[in-house]
Asks: 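Take a look at this one; I'll ask things after.
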Amino acid sequence: MEFVDLKAQYRALKVQIDERIQRVLDHGQYIMGPEVAELEGRLAAFTGAKHCITVASGTEALLISLMALGLKPGDEVITTPFTFAATAEAIVLLGGKPVFVDIEPDTCNIDAQLIEAKITRRTRAIMPVSLYGQCADMDEINATAARHGLAVIEDAAQSFGANYKGRKSCNLSTVGCTSFFPSKPLGCYGDGGAIFTTDDGFAQACREIRVHGQSARYVHTRVGVGGRMDTIQCAVVLAKLERFEWELQRRRKLGERYNALLTSSAIDLLSVRPDRDCVWGQYTVFVEKRAEVQSALFARGIPTVIHYPNPLHTQPAYAEYRTGEDDFPHSVSAGLRVMSLPISADLDEVDQHRVTQALIDASSR
Ligand SMILES: *Cc1c(COP(=O)(O)O)cnc(C)c1O
């Protein structure tokens, strides 16, 4: 069993993917070819955001967004320590300071109620992560940000396609950033990412920063990066859009089925708030004696992954952003208990049942 079955997805889409890639090889515009604008148009329409700017990765999307906001050394950005390192990395790379706020124990998303107390004169932005495919409390976070004139950057690397109060992830705040890393809900065959916004000036800044700060060829109006997404990767995503709605439905169904199969077991499940859905970028549960459970599953041919074992404030590179000894207890506790099970649109119900049976057996020992 694969943790994310990219081979089955390729088999299902082989004709479309091969044809899309071949078209790029035929026209030869590998950088900023026509597929780039085509994909940006399709994704903007999908999310409802006015602008989509494709970039080299999800990390680059966060970095370019913070550059476009004009983040300066010493500026603070409020975010969660219970995330992949890229979230805080983008802040630190620009000389900014990540200010961590703990998560809600049942969703693992940033606790919106704790944010306002962390705002200072140096705060420039709030960067919630829509972890595991469920949007954070974006409206509460937007309201807090509005009271203090701050930008809100949604790290939607795991939640592309998720719904929140009838709106789409990536179009819920000042800016939304996603990733097309192969295992994300919408993936390419290498690195890729995108920035979404409805602010014309911000979109223009992102477009310029993506190509070394150029407003026209060899006119560098600002300092930028080489941050474009390859034409071939855009072609792959365009091909995958052909059945993306079906994949999203399938992921939601598999997530609900996992919940149903585990609900009467001793396994604690992630909560999904009633005003939003989860696209299960990861299907993650809370288990006790995790190491034993993980190796019991491994012995039965079932791969699992820990997203994430150590919150960022406990990592050497980010230890200076701790605030005290008993920092972020819910993040620490989640780090000890979370475990992600195989999920992708092509996972079949028989395999899914094998997973839940093995998990129930292993955790009742
Ligand atoms: C994957 C991920 C990123 C980074 O995306 P890349 O495309 O790998 O650079 C950032 N934040 C979160 C929450 C992610 O899961």
Side-chain angles (χ1 to χ4, degrees), residues 6 17 20-21 24-25 27-44 46-47 49 51-71 77 83-96 125 127 129-130 153-161 169-170 175-197 202-215 217-218 220-241 281:
L6 293 174
I17 290 171
R20 277 283 188 178
I21 291 176
V24 178
L25 296 175
H27 69 56
Q29 295 176 61
Y30 302 116
I31 301 293
M32 299 304 283
E35 284 78 5
V36 177
E38 184 183 352
L39 179 63
E40 291 176 347
R42 293 278 298 277
L43 296 181
F46 178 87
T47 59
H51 304 281
C52 168
I53 303 104
T54 56
V55 292
S57 67
T59 309
E60 207 73 8
L62 296 169
L63 184 71
I64 292 173
S65 295
L66 289 170
M67 289 173 79
L69 284 174
L71 196 81
V77 179
T83 179
F84 182 58
T87 313
E89 191 175 56
I91 302 164
V92 174
L93 279 172
L94 297 173
M127 198 189 270
V129 178
S130 295
I153 301 173
E154 184 196 10
D155 180 343
Q158 300 181 10
S159 62
F160 193 76
S169 179
C170 287
V175 46
C177 294
T178 200
S179 163
F180 305 123
F181 188 84
S183 60
K184 307 283 173 159
L186 180 61
C188 60
Y189 286 163
D191 280 307
I195 300 167
F196 296 84
T197 184
F202 184 84
Q204 182 59 26
C206 291
R207 286 187 202 287
E208 292 178 13
I209 292 167
R210 168 175 74 172
V211 288
H212 305 285
Q214 294 174 97
S215 52
R217 195 162 206 193
Y218 302 127
H220 301 270
T221 50
R222 54 176 94 233
V223 176
V225 293
R228 295 162 298 226
M229 182 166 164
D230 297 343
T231 310
I232 284 186
Q233 299 303 344
C234 291
V236 170
V237 177
L238 279 165
K240 289 200 188 182
L241 283 178

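If you're wondering where the values come from, they're calculated on a predicted model, not measured in any experiment.
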Asks: Once rounded to the nearest 0.5 Å, what's the spacing between atom SG of Cys52 and atom CZ of Arg42?
Replies: 12.0 Å
Asks: Measure the CE-CG distance between Met67 and Leu69 for me, rounded to the nearest 0.5 Å.
Replies: 11.5 Å
Asks: Between Val55 and Val225, does the side-chain contact (heavy atoms from CB on, under 4.5 Å) criterion hold? Intermediate values first, please.
Replies: CA-CA 10 Å; Val55 292; Val225 293; over 6 Å; no
Asks: If I compare all heavy atoms of Val24 with all of Ala235, which pair ends up nearest, and what's the gap?
Replies: CG2-CB, 3.8 Å
Asks: Using only atom types and a distance under 3.5 Å, with no angle test, would you say the side chain of His212 pairs donor to acceptor with the backbone of His220?
Replies: no
Asks: Is there a side-chain contact (heavy atoms from CB on, under 4.5 Å) between Val36 and Arg228 once you walk through the steps?
Replies: CA-CA 9 Å; Val36 177; Arg228 295 162 298 226; over 6 Å; no
Asks: Which heavy atom of Ser215 sits nearest a heavy atom of Glu208, and at what distance?
Replies: CB-OE2, 3.5 Å
Asks: Give me the atom names and distance for the closest heavy-atom approach of Leu6 to Pro182.
Replies: CD2-O, 3.4 Å
Asks: So, the side chain of Ser130 versus the backbone of Gln158: is there a donor-acceptor pair under 3.5 Å, distance only?
Replies: no
Asks: Just checking Phe160 against Phe196, ring centres under 6.0 Å apart?
Replies: yes
Asks: If you look only at pairs with a residue in residues 29-41, which of them pass as a side-chain hydrogen bond (donor to acceptor under 3.5 Å, both in side chains), with sequence neighbours excluded?
Replies: Arg20-Glu38, His27-Glu35, Glu40-Thr54, Glu40-Arg207, Glu40-Arg210
Asks: First locate atom CD1 of Ile64, then atom OG of Ser57, and finally report the distance between them rounded to the nearest 0.5 Å.
Replies: 8.0 Å
Asks: Looking only at non-hydrogen atoms, find the nearest pair between Ile17 and Ala239 and report the distance.
Replies: CG1-CB, 3.6 Å
Asks: Taking atom OG1 of Thr221 and atom CD of Gln214, what is their separation to the nearest 0.5 Å?
Replies: 9.0 Å
Asks: Give the C-alpha distance, both sets of side-chain angles, the deciding distance and a yes or no for side-chain contact (heavy atoms from CB on, under 4.5 Å) between Leu43 and Thr178.
Replies: CA-CA 11 Å; Leu43 296 181; Thr178 200; over 6 Å; no
Asks: Pick one: which of Leu66, Leu63, Thr59, Ile153 meets side-chain contact (heavy atoms from CB on, under 4.5 Å) with Cys177?
Replies: Ile153
Asks: Write down the atom of Ala156, the atom of Ser169, and the distance for their closest heavy-atom approach.
Replies: CB-OG, 3.4 Å
Asks: Mind listing the closest non-hydrogen atom pair of Cys188 and Val236 along with its distance?
Replies: CA-CG1, 3.9 Å
Asks: Quick check for you: to the nearest 0.5 Å, what is the distance between Gln233 atom CD and Leu238 atom CG?
Replies: 11.5 Å
Asks: In residues 84-95, what donor-acceptor pairs under 3.5 Å come from side-chain atoms, sequence neighbours left out?
Replies:
unit_1, atom_1, unit_2, atom_2, d
Thr87, OG1, Thr83, OG1, 2.8
Thr87, OG1, Phe84, O, 3.2
Thr87, OG1, Asp155, OD2, 2.9

Asks: Please determine whether side-chain contact (heavy atoms from CB on, under 4.5 Å) holds for the pair Asp191 and Glu60, giving the CA-CA distance in whole Å, both sets of side-chain angles, and the decisive distance to 0.1 Å.
Replies: CA-CA 10 Å; Asp191 280 307; Glu60 207 73 8; over 6 Å; no
Asks: For the side chain of Thr197 and the backbone of Val175, is there at least one donor-acceptor N/O pair under 3.5 Å apart?
Replies: no
Asks: Can you tell me how far the CD atom of Glu154 sits from the OG atom of Ser159, to the nearest 0.5 Å?
Replies: 4.5 Å
Asks: Kindly say whether Gly187 contributes a backbone atom to a donor-acceptor pair with the side chain of Lys240 at under 3.5 angstrom?
Replies: yes
